[in-house]
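See structure below.
Counting starts at 1 for both ligands and their atoms, in listed order. What you are looking at is a predicted structure, and each value in this text was computed from that prediction instead of being measured.
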Amino acid sequence: MNICVCIKQVPASSNVKINPDTGTLVRDGNNTKMNPYDLYAIELALKIKEMKESNVKALTMGPPAATSILEEAIWMGCDDGYLLTDRKFAGADVVATAYTISQGIKYMGKFDLVVCGKQTTDGDTAQVGAELAHFLGIPYVCYVDQVLEVKENSIVVRCNLDKTYETLEVEFPCLITVEKSNDTPRLPSYKRSVQYSDHQMHTITFSKLFDTDESRYGLKGSPTQVERMFNPIKDDRKVMLDDEVDSYAKQLKDILKDRKYI
Ligand SMILES: Cc1cc2nc3c(=O)[nH]c(=O)nc-3n(C[C@H](O)[C@H](O)[C@H](O)COP(=O)(O)OP(=O)(O)OC[C@H]3O[C@@H](n4cnc5c(N)ncnc54)[C@H](O)[C@@H]3O)c2cc1C
């Protein structure tokens with residue numbers, strides 16, 4: 001079976017800074033890590049490999065520095081790593097990101113299963129998985145925390161819906177997004193880091209993609225426009241409404257209006 005795990009490099013600190021002039025995130029290339037949910041995605045893919053012979057490829061879209069998370073993926077047990085990188089991909093919103101990743105996966109060859117994390121700790125939209133499945137034209141299951149069975153043409157998974165579990169069977173090729181589970185992701189192995197010390201990652205640039213229509217990528221391919229980014233202002237002033245019940249609604253409306261919520 002051919003499995004592709006999508007992983008993303010994110011800031012290691014929750015203290016994310018915003019450039020006040022450009023309104024963009026200040027990404028400190030040295031202080032990064034693999035998105036925590038993607039560790040669970042890799043763990044789940046490797047569990048599937050233990051259940052049925054598979055080739056697990058890790059894919060990331062990002063700057064060349066993101067190669068470090070591909071190395072980590074290989075040290076954990078993935079077979080190969082692919083870096084989707086090109087200046088033309090810069091400024092991508094979720095739609096353009098998902099489209100670019102879909103093109104990268106098509107470039108990588110035949111696949112049966114795509115595994116993503118549930119969401120990231122920086123962009124945090126949890127939309128890439130669903131949009132990627134859309135662009136690949138395959139079914140999609142979210143919040144998977146366990147693989148119960150791998151059959152010849154399908155997979156049986158358990159989805160954690162917070163207060164309940166759902167068991168679903170989905171045919172290959174398909175995409176799943178992975179929720180945190182009790183299966184703690186395995187640590188990168190020192191033995192594998194030595195064994196794969198000379199391993200060269202594959203680089204996928206714009207010119208290698210099947211679709212080279214520039215309007216689908218980067219800023220040009222992004223329908224979302226960010227008007228402004230700012231840190232939310234902390235406001236924990238408390239107001240007690242101790243007047244007549246009948247006037248509560250008006251008081252509340254005035255406060256919300258005053259604070260520009262409505
Ligand atoms: C208008 C706009 C402009 C933007 N410009 C930039 C920019 O210039 N530079 C920039 O770095 N970001 C930019 N972003 C953020 C970028 O769009 C997101 O980082 C990207 O869409 C991923 O979304 P997310 O982090 O919410 O992923 P989620 O949907 O929360 O992630 C779900 C899963 O998808 C997979 N995934 C997500 N991203 C990647 C990836 N890159 N590679 C592989 N797998 C992935 C992972 O498995 C992850 O667990 C911009 C966003 C907007 C809206």
Side-chain angles (χ1 to χ4, degrees), residues 3-11 14 16-19 22-29 32-45 56-70 72-73 76 78 81-108 111 113-136 140-145 175-181 185 201-204 216-229:
I3 304 175
C4 172
V5 192
C6 297
I7 59 177
K8 184 183 177 190
Q9 192 177 50
V10 295
S14 57
V16 177
K17 294 193 179 67
I18 294 165
N19 181 329
T22 60
T24 55
L25 293 183
V26 178
R27 290 180 192 261
D28 173 359
T32 57
K33 63 177 182 180
M34 191 186 311
N35 176 41
Y37 283 101
D38 300 346
L39 293 169
Y40 286 89
I42 292 177
E43 180 58 35
L44 191 119
V56 181
K57 295 169 179 169
L59 167 71
T60 191
M61 170 181 159
T67 306
S68 63
I69 60 165
L70 294 175
E72 189 181 340
M76 285 175 75
C78 292
Y82 288 74
L83 174 71
L84 248 174
T85 191
D86 200 296
R87 286 198 175 278
K88 290 197 167 69
F89 303 154
D93 68 358
V94 184
V95 174
T97 300
Y99 188 72
T100 311
I101 296 174
S102 75
Q103 285 292 307
I105 291 174
K106 285 179 181 169
Y107 169 86
M108 287 160 67
F111 67 92
L113 178 67
V114 178
V115 187
C116 290
K118 181 178 88 165
Q119 68 193 80
T120 63
T121 50
D122 62 347
D124 211 10
T125 63
Q127 291 171 5
V128 167
E131 293 185 12
L132 181 54
H134 166 77
F135 288 127
L136 291 170
Y140 149 72
V141 178
C142 56
Y143 307 128
V144 173
D145 74 350
L175 184 148
I176 57 178
T177 70
V178 177
E179 173 65 283
K180 278 184 184 169
S181 71
M201 303 301 167
H202 304 264
T203 301
I204 312 173
R216 303 297 304 261
Y217 300 91
L219 209 53
K220 286 184 194 164
S222 300
T224 326
Q225 299 298 322
V226 179
E227 229 171 72
R228 188 165 70 99
M229 275 174 103

Should [X] be counted as touching ligand 1, given the test is an N or O pair under 3.5 Å?
{"X": "T224", "result": "no"}
{"X": "K8", "result": "yes"}
{"X": "N35", "result": "yes"}

Numbering as shown, the atoms of ligand 1 that approach [X] to under 4.0 Å (heavy-atom distance):
{"X": "Q119", "result": "30 (O), 31 (O), 32 (C), 49 (O)"}
{"X": "T97", "result": "17 (O), 20 (C), 21 (O)"}
{"X": "D122", "result": "25 (O)"}
{"X": "T60", "result": "42 (N), 43 (C)"}
{"X": "G123", "result": "24 (P), 25 (O), 26 (O)"}
{"X": "V94", "result": "17 (O), 21 (O)"}
{"X": "I101", "result": "39 (C), 40 (C), 42 (N), 43 (C), 44 (N), 45 (C)"}
{"X": "I7", "result": "42 (N), 43 (C), 44 (N)"}

Which atom of L136 lies closest to which atom of K106, heavy atoms considered: CD2-CE, 4.1 Å
For G129 and C116, which heavy atoms make the closest approach, and how far apart are they? CA-SG, 4.2 Å
Donor-acceptor side-chain pairing of Q9 and S68 below 3.5 angstrom: yes
Chi angles and distances behind the side chain to side chain contact (heavy atoms under 4.5 Å, CB included) call for M108, I204: CA-CA 9 Å; M108 287 160 67; I204 312 173; 4.1 Å; yes
Under a 4.0 Å heavy-atom limit, does V5 contact ligand 1 with its side chain, its backbone, both, or neither? neither
Relative to ligand 1, is D124 under 4.0 angstrom through side chain, backbone, both or neither, heavy atoms considered? backbone
Determine, step by step, whether Y37 and Q119 satisfy the side chain to side chain contact (heavy atoms under 4.5 Å, CB included) criterion, reporting the C-alpha distance in whole Å, the side-chain angles of both residues, the deciding distance to 0.1 Å, and the verdict. CA-CA 7 Å; Y37 283 101; Q119 68 193 80; 3.6 Å; yes
Can you list the steps and then say if V128 with V94 is a side chain to side chain contact (heavy atoms under 4.5 Å, CB included)? CA-CA 6 Å; V128 167; V94 184; 3.9 Å; yes
Can you check which of [options] brings a heavy atom nearest to [atom]?
{"atom": "atom 32 (C) of ligand 1", "options": "C116, G218, G117", "answer": "G117"}
{"atom": "atom 5 (N) of ligand 1", "options": "C6, G91, A90", "answer": "G91"}
{"atom": "atom 52 (C) of ligand 1", "options": "L59, D93, V114", "answer": "D93"}
{"atom": "atom 37 (C) of ligand 1", "options": "V128, L39, L219", "answer": "V128"}

Evaluate the ring planes of Y217 and F89, with Trp represented by its six-membered ring, and classify them as parallel (under 30°), tilted (30 to 60°) or perpendicular (over 60°). tilted
If you measure from each heavy atom of A92 to ligand 1, is any distance below 4.0 Å? yes
Check for me whether A126 has a heavy atom closer than 4.0 Å to any atom of ligand 1. yes
Test: K118 cationic atom under 6.0 Å from Y143 six-membered ring centre, within 45° of axis: no
Separation between [atom1] of [X] and [atom2] of [Y], rounded to the nearest 0.5 Å:
{"X": "T120", "Y": "Q127", "atom1": "OG1", "atom2": "CD", "result": "10.0 Å"}
{"X": "D38", "Y": "T177", "atom1": "CG", "atom2": "OG1", "result": "10.5 Å"}
{"X": "L44", "Y": "L39", "atom1": "CG", "atom2": "CG", "result": "12.5 Å"}

Assess whether side chain to side chain contact (heavy atoms under 4.5 Å, CB included) is satisfied between I7 and L70, documenting all intermediate values. CA-CA 8 Å; I7 59 177; L70 294 175; 4.1 Å; yes
